[in-house]
Every structure is written in structure tokens, then in C-alpha cells.
Amino acid sequence: MTQPTGAADSGGLLPAFSVSAALAQRAIGAAREAASGLAVPVCIAVCDQAGHLVAFERMDGAPLMSAQLAQDKAYSVCAFNGLPTDQWWSMLQTESALLHGIVKTDRLVIFGGGAPIRSGRHLVGAVGVSGGSEDQDSQIAKAAASSLFRSGSGEAG
């Protein structure tokens, strides 16, 4: 039986990298700053690579319903290997059967506001933002996710 390169050395285990609580808090701060710049109160969720919540903040005045949406946006990104939530609609809009079936998937969000956090080629978590328009949520989430690592280096910035 053939094993992937490196699997024999690791006993068949795959390595997993994840944002720490400290990095998640930095992402929250970057999202808060971006949201303040747009004058829109939002809920911000940061999850690890498996989609588990690491940090959360509901800014003063953010809609209560946005709390769960922000968490679900972050989860959706990780549950589909890092696909930003703003890319779902373009994939689904011409696939009627898929569109009407997949939207029944628990916690899946198919509109903007969820962005992957990557360190090099590794998906290490995601940011979910809800409370503004779709474009505002996407802009804030992307700003937060991209704030954590120097461009392409995988090193904390």
C-alpha cells in the first residue's frame, strides 16, 4: 500500500496548524479597526482550522442576529478548505439543483464576510464578520485575515 510522502514518518498522522488565542485576538483588533473606519458595528468571529470558535466580539450596536452569522461564516470557510464565503454564490447561481440542496447544510453561509487565515500554504483558521453590508463584511474580514502574517511568509507580522 502506498502512503503519501511523509505519512510513514509521522505514523500516518497529518500535521495541523492553527491560530492561537493571541493571533485570534489580533485578528479581532484588526477587524474592529477596519469596522470603525467604515463606521459600521459588527460581530467578529475567529475560528481555528477545524472551524471551532477561538475568539469572538460583538461591537457595541452590532445586530444580535449577526453574532451567529459571523461564527457561521468563519466555520463555512474552514469547512470547505478555505473557500471565502463571497465565492459561493458565483459557483452556485447557475447550478439550480446544487443551490437548492446545499443551502440546507447547517451553518453554511454563501454570501460575503468569511475569509481564510493562511500561513504560507496552510489554512490555520478563518475570520467571520456580520453586521454591515455584504461588501463591508467581506472587506473587514479580509483586512483582519490578511493582517496576521507578512505577505506570503507565514510569519506573524
Engineer: In Å and rounded to the nearest 0.5 Å, what is the CG to OG distance from Asp72 to Ser66?
Structural biologist: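 One gets 11.5 Å once the value is rounded to the nearest 0.5 Å.
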Engineer: Measure across Ala145 and Pro116 and return the closest heavy-atom pair with its distance rounded to 0.1 Å.
Structural biologist: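 Ala145 and Pro116 have their closest heavy atoms at CB-O, 3.2 Å.
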Engineer: What distance separates Ile44 CD1 from Ile140 CD1, expressed to the nearest 0.5 Å?
Structural biologist: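 So the gap between those two atoms works out to 7.5 Å.
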Engineer: Work out which heavy atom in Met59 is nearest to a heavy atom in Glu57; give both atom names and the distance.
Structural biologist: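 For Met59 versus Glu57, the nearest heavy atoms are CG-OE2, 3.7 Å.
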Engineer: When you look at CD of Glu134, are more than 12 heavy atoms from neighbouring residues, nucleotides or ligands closer to it than 6.0 Å?
Structural biologist: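 It does: Glu134 CD has more than 12 such atoms within range.
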Engineer: With distance as the sole test, does Ser138 use its side chain to make a donor-acceptor pair with the main-chain N or O of Asp135 at under 3.5 Å?
Structural biologist: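 A pair under 3.5 Å: no.
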Engineer: Enter the distance from Gln68:CD to Phe56:CZ here, rounded to the nearest 0.5 Å.
Structural biologist: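 Reported value, rounded in 0.5 Å steps: 8.5 Å.
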Engineer: On a heavy-atom basis, which atom in Arg26 and which in Leu148 lie closest, and how many Å separate them?
Structural biologist: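 For Arg26 versus Leu148, the nearest heavy atoms are NH2-O, 3.6 Å.
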Engineer: Would a hydrophobic clustering, with Ile, Leu, Val, Met, Phe, Trp and Tyr connected at side-chain separations under 4.5 Å, put Leu83 with Leu92?
Structural biologist: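 Yes; tracing contacts between hydrophobic side chains, which count when under 4.5 Å, links both residues.
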Engineer: According to a hydrophobic-cluster definition based on side-chain heavy atoms being under 4.5 Å apart (Ile, Leu, Val, Met, Phe, Trp, Tyr only), do Ile110 and Met91 belong together?
Structural biologist: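 Yes; Met91 is reachable from Ile110 via cluster members.
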Engineer: Which atom pair, heavy atoms only, marks the closest approach of Ser76 to Arg107?
Structural biologist: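 In this case the closest contact between Ser76 and Arg107 is OG-O, 2.9 Å.
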Engineer: Could you tell me whether a side-chain N or O of Thr85 sits under 3.5 Å from a main-chain N or O of Gly113, the two making a donor and an acceptor?
Structural biologist: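 Here the side-chain-to-backbone pair exists.
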Engineer: So which heavy atom on Pro41 is nearest to which on Asp60, and how close?
Structural biologist: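 So the two residues come closest at CB-O, 3.2 Å.
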Engineer: Side-chain heavy atoms nearer than 4.5 Å, only ILVMFWY residues, links allowed to pass through others: does that put Val109 and Trp89 together?
Structural biologist: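 Different clusters: Val109 never reaches Trp89 through Ile, Leu, Val, Met, Phe, Trp or Tyr contacts under 4.5 Å.
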Engineer: Out of curiosity, Leu69 CG to Lys73 NZ, how far, rounded to the nearest 0.5 Å?
Structural biologist: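 Atom-to-atom, Leu69:CG and Lys73:NZ are 6.0 Å apart.
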Engineer: Atom CD1 of Ile117 and atom CZ of Phe149: how far apart are they, to the nearest 0.5 Å?
Structural biologist: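 The CD1 atom of Ile117 sits 7.5 Å away from the CZ atom of Phe149.
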Engineer: When rounded to the nearest 0.5 angstrom, what distance separates CZ in Phe80 from CD1 in Ile102?
Structural biologist: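 So the gap between those two atoms works out to 6.0 Å.
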Engineer: I would like to know whether Val42 and Gln136 meet side-chain contact (heavy atoms from CB on, under 4.5 Å); could you show each step before the answer?
Structural biologist: CA-CA 10 Å; Val42 296; Gln136 290 169 327; over 6 Å; no
Engineer: Applying the 4.5 Å side-chain criterion to the ILVMFWY set and letting contacts propagate, would Val40 and Val127 be lumped into a single cluster?
Structural biologist: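 They do share one cluster, since a chain of ILVMFWY contacts under 4.5 Å joins Val40 to Val127.
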Engineer: Is there a path of hydrophobic side-chain contacts, each under 4.5 Å between heavy atoms of I/L/V/M/F/W/Y residues, joining Val129 to Leu123?
Structural biologist: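 No, Leu123 does not connect to Val129 through the hydrophobic network.
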Engineer: Which pair of heavy atoms, one from Ala27 and one from Ala144, lies closest together, and at what distance?
Structural biologist: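 Answer, listing the atom of Ala27 first, then Ala144: O-CB, 3.4 Å.
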